[in-house]
Amino acid sequence: MRLNILIGGKAGQGINKVSGIVSKTLISQGYFTFNYRDYPSIIRGGHNFNVLSVSDKLISSHESKLDIIIAIDELTKHIHKDELKKQGIIIDYKPFLNFGRNLNIALSGALAKALGIPKKTLLSQIKGNPKTNNKQSLQSAKAGYKSQTNRFNLKKLNNKLTIMSGSQAVAIGAINSKIDLYFAYPMTPATGVLHELAAKQVENKMMTFQPEGEIAAVNMALGASFSGARTMVGTSGGGFDLMSEGLSLQGISEIPLTVYLASRVGPGTGIPTYNMQGDLDIALRAGHGEFPRIVASPGDPLESIEITNELMHLAEKFKTLSILLSDKHVAESEYSTNKKPNKSLKINITRKLPHEQIVKSSSYDTDDYGLTTEEAKFAIINADARLEKYNEIKKATKAFNMTKIHGKANSKNLIIGWGSTKGAILDAIEGEDFKFLQVLYLKPMSNKVKQEMKKAKKIILVESNLTGQLGRLIREKTGISIKNRILKYDGRPFRSDELKKQLKELV
Amino acid sequence: MKKHKINTQDKKGVPLRTIQSSSWCPGCPDYMILESSRRAILSLIQQGYKKENFAMSTGVGCHGKIFDYLNISGVYGLHGRAIPTAMGIKLGNPNLNVLAFAGDGDTYSEGMAHFIHACRFNPDITLIVFDNQSFSLTTGQATPTSQLGYKSKAEPLGEFNQPLNPIHLALSAGASFVGRCNARDEIHTQKIIERAIQHEGFSFIEIIQDCVVFNLEVNNRDKRMYQLLDKNRSMKQALKYAQEFNYNNENSKIPLGIFYQKHRNSLNEEWPILHKLAKSKKTWGDLKK
């Protein structure tokens with residue numbers, strides 16, 4: 001069973017409120033949900049929509065054909081009516097216009113009834129939120145509920161589920177790692193983590209700081225890490241570019257640093273609120289000089305919690321640069337799950353700190369005492385030490401899930417992907433003859449990638465970018481060039497039904 | 001990983017001085033700024049400050065070499081970034097006494113945004129700018145404080161931009177402690193640095209110094225310098241004194257000393273968690289989470 005519900009309207013009309021109320025209600029009924037958010041860089045007006053996908057099984061994507069359209073304005077009907085299935089329905093805003101700003105609550109009520117959710121469950125969800133726990137909201141919900149008939153008859157299931165966005169997950173991962181300071185300058189789609197942590201900072205005895213820019217953020221984070229605080233910075237592509245010199249400073253000063261990079265459509269300001277896996281290259285290479293780093297990318301919120309923790313752990317352990325590479329699709333989509341993340345690793349600060357003794361960290365090449373030197377002897381010693389450190393990192397990362405295998409284990413059709421494409425790939429290959437190799441650690445990269453490729457007859461690369469950046473990385477590491485590529489670079493994530501068709505055409 | 005044999009030993013007979021031999025030009029007033037800073041910290045240690053609690057950041061330029069000579073903890077940061085690095089060090093441990101050493105090119109060119117925002121944020125750090133009115137380590141190009149007409153390899157037709165006045169700017173941007181020193185007057189400079197470190201909030205000291213190789217035109221101005229009376233003054237009065245010297249090589253007087261000092265809540269006082277750490281003398285690592 002699977003339903004796709006599109007909720008559309010102008011920015012500011014409360015689209016997220018509708019999907020939020022309904023998805024929480026569905027979760028409590030034991031249904032898995034996935035909520036995709038599509039919005040332009042506009043605060044009021046324009047056209048925003050969410051696609052809420054619902055199933056009795058675990059899902060992590062949305063589809064192209066719709067069962068229900070909730071139209072909060074005329075434009076929504078106009079744009080999306082062709083995506084509606086034959087038996088699909090449109091729930092129109094017009095009968096509820098007199099509810100004013102509670103229009104969205106009335107529509108939530110109507111949707112709940114159409115899905116067959118008991119009224120009591122819906123109302124308890126609305127009462128549970130202090131913002132909607134008032135007479136007007138409840139009346140609107142009831143009126144909406146009354147306006148529809150039960151069409152989809154979703155009976156209660158026994159699944160115990162939670163719902164989470166990638167941004168919430170990164171914040172949880174950081175809090176699990178006992179983060180002390182988070183530095184970030186606002187930039188979509190990384191801002192979600194700043195907001196999450198800012199809201200939770202007091203109860204978690206940590207602090208978020210919004211400095212004058214990304215250059216300040218990265219240098220402050222290095223300073224704070226030097227004094228012994230567990231730190232992280234967060235940004236998107238443009239801000240990450242500004243941080244590059246700071247990353248290079250990390251390389252020589254060996255002050256632990258974790259960077260959250262949530263990418264969006266570039267180059268330049270690009271399409272700022274849409275999705276692209278276009279920043280793998282800069283994650284791998286930004287910063288002048290040669291120095292070790294770790295780059296890993298989660299494919300969903302659960303992995304975001306785990307990898308945030310792993311990267312903060314590794315950054316401190318190896319006094320190195322860790323880059324958590326995510327994107328708009330993972331950061332801002334809401335995923336439901338019945339699983340729990342792995343137990344968190346401890347971040348132990350064992351290095352000497354400035355209040356204990358004299359500690360010097362430098363952007364220059366240094367001698368045995370941490371003081372500047374230009375001697376050839378030390379240039380070699382220091383460079384070799386950086387290389388040796390990377391070898392140690394390679395060994396240590398083997399303990400983590402650097403890759404994952406999904407789908408049919410003995411299939412000769414191998415799909416390779418990373419990050420946010422995981423969701424659509426998993427749903428697309430359900431029950432089909434495909435094996436999916438998900439690459440979580442991009443640097444270092446596991447030997448498993450080459451081994452799996454050697455076993456496969458057909459290899460298909462799936463990425464949300466123009467040039468297949470993972471494909472190029474794999475060719476660099478293994479010498480194998482992947483001929484079959486499904487690349488999507490319109491800023492919109494893969495929809496699993498469309499991807500399924502594309503994959504099947506290739507085999 | 002590289003294992004540093006961290007050397008906490010001072011040069012024999014010179015407390016707080018590392019064993020590294022110096023590489024500033026002979027006769028450079030940077031030696032004197034090092035000495036004034038060293039004596040100021042030493043004096044504060046004698047007054048009860050802990051040596052381990054001092055930390056510094058530097059930018060990159062001639063001034064930055066102080067990192068290798070002053071035997072306290074610190075980060076030799078990037079060009080222009082001494083201020084955010086110092087702010088980070090302070091946020092990472094609110095009990096440290098943090099000094100940011102920076103140059104005029106460093107602070108007023110590459111790092112100008114940080115300078116203005118530090119005045120606004122009011123972190124409890126001390127910024128000491130070595131102002132020789134030229135980019136000397138890169139062979140003498142004009143900085144934002146170079147005087148009109150200054151000729152260099154990069155400005156062969158002479159600098160035609162008005163120099164900016166950092167004292168005036170810091171006051172306008174809300175700095176809670178603004179001072180100026182003459183590098184050659186070690187006793188006065190030491191005193192002002194001590195006062196700046198003791199000040200709770202962002203303290204800015206601009207140290208006027210000669211460059212003995214580049215921009216010789218603005219050397220030897222001691223006769224034009226005079227010390228301001230050590231007293232509280234209003235912003236209006238402070239701005240008036242700030243405008244006495246416009247960084248061009250004219251015959252105006254050059255006031256030294258503390259232009260302005262007024263307590264305003266620092267980051268340590270504004271943020272509850274920082275306040276708690278500072279008050280209880282604890283570090284982030286001591287918090288039970």
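So that the names make sense, note that chain A is the first sequence line, chain B the second, and so on, each numbered from 1.
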Given a strict heavy-atom distance threshold of 4.5 Å, which part of [X] is in contact with chain A: side chain, backbone, both, or neither?
X        : value
B:Thr58  : neither
B:Leu274 : side chain
B:Lys65  : neither
B:Leu277 : neither
B:Tyr69  : neither
B:Thr85  : both
B:His114 : both
B:Leu267 : side chain

Out of [options], return the one with the most heavy atom pairs under 4.5 angstrom to chain A.
options                    : value
B:Ala55, B:Gly77, B:Gly285 : B:Gly77
B:Asp68, B:Asn93, B:Asn53  : B:Asp68
B:Leu287, B:Asn95, B:Ile72 : B:Ile72
B:Thr18, B:Leu91, B:Ile116 : B:Leu91

[atom1] ([X]) with more than 12 external heavy atoms under 6.0 Å:
X        : atom1 : result
A:Glu374 : CD    : no
A:Tyr441 : OH    : yes
A:Gln210 : CD    : yes

[X] versus chain B, the contacting section by heavy-atom distance below 4.5 Å:
X        : value
A:Ile255 : side chain
A:Asn391 : neither
A:Ser253 : neither
A:Ala221 : neither
A:Leu222 : neither
A:Ile179 : backbone
A:Tyr390 : neither
A:Gln201 : side chain

Heavy-atom side-chain proximity of [X] to [Y] below 4.5 angstrom:
X        : Y        : value
B:Val60  : A:Ser363 : yes
A:Val218 : B:Arg81  : no
A:Glu212 : B:Phe121 : yes

Looking at [atom1] of [X] and [atom2] of [Y], how far apart are the two atoms once the value is rounded to the nearest 0.5 Å?
X        : Y        : atom1 : atom2 : answer
B:Leu78  : A:Asn219 : CG    : CG    : 5.0 Å
B:Gln9   : A:Ile358 : CD    : CD1   : 9.0 Å
A:Ile215 : B:Glu110 : CD1   : CD    : 7.0 Å

side-chain contact (heavy atoms from CB on, under 4.5 Å) evaluation trace for B:Lys289 with A:Asp180 = CA-CA 10 Å; B:Lys289 293 200 191 186; A:Asp180 298 312; 2.7 Å; yes
Could you tell me which non-hydrogen atom of [X] sits nearest to which non-hydrogen atom of [Y], and how far apart they are?
X        : Y        : result
A:Ser227 : B:Gly92  : CB-C, 3.7 Å
A:Ser362 : B:Tyr76  : OG-CB, 3.3 Å
A:Thr208 : B:Trp271 : O-CH2, 3.0 Å
B:Phe67  : A:Gly370 : CE2-O, 3.9 Å

B:Asn71 vs A:Lys360, side-chain contact (heavy atoms from CB on, under 4.5 Å): CA-CA, chis, key distance, verdict = CA-CA 9 Å; B:Asn71 204 14; A:Lys360 283 177 178 279; 4.1 Å; yes
Using the side-chain contact (heavy atoms from CB on, under 4.5 Å) rule, take B:Leu96 and A:His355 through it: C-alpha gap first, then chi angles, then the decisive distance, then the call.
-> CA-CA 7 Å; B:Leu96 297 178; A:His355 66 279; 4.0 Å; yes
Is the backbone of B:Ile273 close enough, under 3.5 Å, to the side chain of A:Lys205 for a donor and an acceptor to pair up by distance?
-> no
